[in-house]
*Asks:* 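Sharing a structure, written as structure tokens. Questions coming.
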Amino acid sequence: MATTGKSAAVSHVGKVRSNNQDSGYAGRHLFVVADGMGGHAGGDVASAIAVKRIAETDREYASPNDAEFALRTALLAANALLAETVFEHGELTGMGTTVSGMLRVGNNFALAHIGDSRIYLFRNGVLEQATADHTFVQRLVDSGRITAEEAAVHPRRSVLMRVLGDVDASPEIDTTVLATEPGDRWLICSDGLSSYVTEEKIQAVLATVPGAQDAADRLVKESLDQGAPDNVTIVLVDVDESGDSSHVPPVTVGSAAEPLVFEADSIRRPLRLPSLLLHPLKTTPTDDSHFEPESDEYLAALIQEDRRRARKRRISWLAFVLIVIAGLVAASVLGYQFTQRHYFVGEVDGRVTIFQGVQQDIGPITLSHVYKTTTIDVIDLPLYYQQQVEATLNAGSLAEAQGIVDRLSDARKP
Ligand code: CA
């Protein structure tokens, strides 16, 4: 292929898979790789939806922080779009996608990342990973339980802890801003490269093959030479003196380059709640080619991690419910106290009686009670007072109520 352009995007289905679930994009300012997964047809849809949505951020930004914010927002929007798509197409339930993307702003790249695709910076002959894998084995490495070398060949290295999809309404997305300089080569790749081609090999290719397109093609070939069991996608960005690394016109590769295909006859379920609400505790896609359950200690720890997250969410919910209940109780107590500062005079069993509270009832709750029964028989009062007592006489305070009782006492018929 030609070596024109300072960036390149290549995607290959590999030698084993029947369809390409990866998507890639190299544009004017934006560069992205997404690796989809899940369902019999979901992975390609997931990565395509994500890349198409995120490609909308391919424009100039006033500052790297603006770009970082735009990228994060786009990933969250893509996440919501995936949930919406699953809502409309139930057969896609469980689909998800990794996303590793970067936006160029002058001498900086704003990065956003979730999953196990990777962004590498090759500078002065040294290859360095700029993103952290959101994989289960990476957690084991971080906690000191296995070494990075063990992780690289671990049979469960594809088990993902975080992705975009219909499983989490607010996924944790890593973002950062990194400086760049002429001579830098930035590589974004799916695990179809990084899981099968060693970093030494990748570094050697970037050190020896000039031209973004040629280097990207060569990296795909390295993966094919390793048997390419997975889809492989490469986006390569060369930063040169001109300060430009754009690809004009932008190129889209992988499933995002194809028209989106859905099963047209999928049954709509109008009463179905959004899956986000139905599965608030589900953090890992279950119908996922990356997810291979096995009852070893790693899975046990994985489950523990899921439980910990679920517990955290349950605790948040519980706290919320308790706060609401406490609020209602406080309001009721205050309201009740307010009513109990009032008194009125009425009658019980023919006797003039002082009540504390107000005469309104809230449902089954009575907001007043007998405070004091007097010895004054209502029948002994003049008719006019009798009617007043039956209708009850309001008092602003106990003293006022007592005053009313005194007047009634004085008014008794001789
Ligand atoms: Ca993959």
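It should be emphasised that the depicted structure is a prediction, and the values quoted were computed from it without experimental measurement. Below, all heavy atoms of this structure are taken into account, side chains as well, without hydrogens, waters or symmetry copies. Order of listing sets the numbers, starting from 1, for every ligand and every atom in it.
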*Asks:* When you check the gap from the basic side-chain N to the acidic O, do E68 and R72 get nearer than 4.0 Å?
*Replies:*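 No, this pair does not count.
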
*Asks:* Is there any ring-ring contact (aromatic ring centres under 6.0 Å, His included) pair reaching into residues 188-234, and which pairs are they, with sequence neighbours excluded?
*Replies:*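 Listed once each, the pairs would be none.
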
*Asks:* Between S255 and D44, is any side-chain donor less than 3.5 angstrom from a side-chain acceptor?
*Replies:*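 Looking only at side-chain atoms, D44 and S255 do not form any donor-acceptor pair under 3.5 Å.
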
*Asks:* Which atom name would you report as the N, O or S atom of D230 nearest the Ca ion (ligand 1)?
*Replies:*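 Going through the N, O and S atoms of D230 one by one, OD2 ends up nearest to the Ca ion (ligand 1).
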
*Asks:* State whether D22 contributes an N/O/S atom found under 3.0 Å from the Ca ion (ligand 1).
*Replies:*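 No.
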
*Asks:* Among V205, V235, L193, find the residue that satisfies the side chain to side chain contact (heavy atoms under 4.5 Å, CB included) test when tested with L187.
*Replies:*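 Only match with L187 under side chain to side chain contact (heavy atoms under 4.5 Å, CB included): L193.
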
*Asks:* Relative to the Ca ion (ligand 1), which of the N, O or S atoms in D191 is the closest?
*Replies:*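 Per the distance ranking, D191 contributes OD1 as its closest N/O/S atom to the Ca ion (ligand 1).
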
*Asks:* Quick check on the Ca ion (ligand 1): does D35 put an N/O/S atom closer than 3.0 Å to it?
*Replies:*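 Yes.
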
